[in-house]
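Working notes, beginning with the structure itself.
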Amino acid sequence: MIVVAAVIERGDRRILIGQRRRGDSSPLKWEFPGGKVEADEEPEAALARELREELEATLVRCVEMGRVRHVYAGGSNSVEIWFYAAEIAEENVQPKCFEQIAWVLPRELGDYDFLDANSGLIAQLATGKIKAAELLRNAKGLE
């Protein structure tokens with residue numbers, strides 16, 4: 001299974017994160033917005049669809065940041081997560097599928113209880129090794 005996730009960074013460097021609902025798998029864990037890529041769907045199209053469904057947000061553009069394969073406890077299920085630096089059109093978003101959302105500084109990401117599959121990216125964002133907005137700026141220069 002492939003999952004896409006958006007790292008959305010505002011001009012003030014704050015990154016959007018969402019908390020899973022109480023009734024979801026891994027209840028109340030934090031994650032980046034996104035979801036499963038459906039059959040015959042391109043990953044970027046899936047990201048745009050998920051952002052519309054979860055946040056009523058319009059994807060302007062995205063750049064792949066990296067991929068992680070995560071095997072869940074018990075080893076029976078694995079997921080490949082494709083992380084994207086993403087720009088959205090809206091300044092304000094409407095959380096449709098989250099308990100709550102937060103805009104946090106990269107150094108604050110470690111204060112939240114994220115899904116285990118996000119740990120590597122969280123460390124890179126928190127230490128400034130990866131900056132979503134910078135990746136988007138650099139990609140724009142290549143267009």
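Just so it is clear, the structure is predicted and the values come from calculations on it, not from any experiment.
Atom CG in Leu47 sits 10.0 Å away from atom CZ in Arg52 (nearest 0.5 Å).
Looking only at side-chain heavy atoms (C-beta outward), Asp113 and Leu28 stay at 4.5 Å or farther from each other. At least one side-chain heavy atom of Leu125 sits under 4.5 Å from a side-chain heavy atom of Met65. Val7 places none of its side-chain heavy atoms less than 4.5 Å from the side chain of Leu135. Taking 4.5 Å as the limit, some side-chain heavy atom of Lys131 sits within range of a side-chain heavy atom of Arg13. Counting only heavy atoms from C-beta outward, the side chains of Ile17 and Phe98 never approach each other to under 4.5 Å.
Here the side chain of Glu50 pairs no donor or acceptor atom with the backbone of Ala5 at under 3.5 angstrom. In this structure, the side chain of Arg20 engages the main chain of Ser25 through a donor-acceptor pair within 3.5 Å. One N or O on the side chain of Glu9 and one on the backbone of Ala133 form a donor-acceptor pair closer than 3.5 Å.
A salt bridge links Glu56 with Lys96: at least one charged nitrogen is closer than 4.0 Å to a carboxylate oxygen.
Atom CZ of Arg107 has 12 or fewer neighbouring heavy atoms from other residues, nucleotides or ligands inside a 6.0 Å radius. Under a cut-off of 6.0 angstrom, the local environment of CG in Asn92 is sparse, with at most 12 non-hydrogen atoms contributed by other residues, nucleotides or ligands. Arg22 CZ: 12 or fewer foreign heavy atoms inside a 6.0 Å radius.
Counting all heavy atoms, side chain and backbone alike, Tyr84 lies closest to Glu44 at OH-OE2, 3.6 Å. In terms of heavy atoms, Val63 sits closest to Ala139 at CG2-CB, 3.3 Å. Shown here for Ala6 and Phe32, the closest heavy-atom pair between the two residues is O-CB, 3.3 Å. Here the shortest heavy-atom pairing between Leu55 and Pro95 reads CD2-CA, 4.2 Å. Nearest heavy atom pair, residue Phe83 against residue Leu121, reads CD2-CD2, 3.3 Å. Smallest separation of non-hydrogen atoms from Val68 and Ala117: CG1-O, 3.9 Å.
Note: Phe114 and Tyr112 have perpendicular aromatic rings, judged against thresholds of 30 and 60 degrees for the angle between ring planes.
Under the side-chain contact (heavy atoms from CB on, under 4.5 Å) test applied with Glu87, the options Arg61, Arg137, Arg10 reduce to a single match, Arg61.
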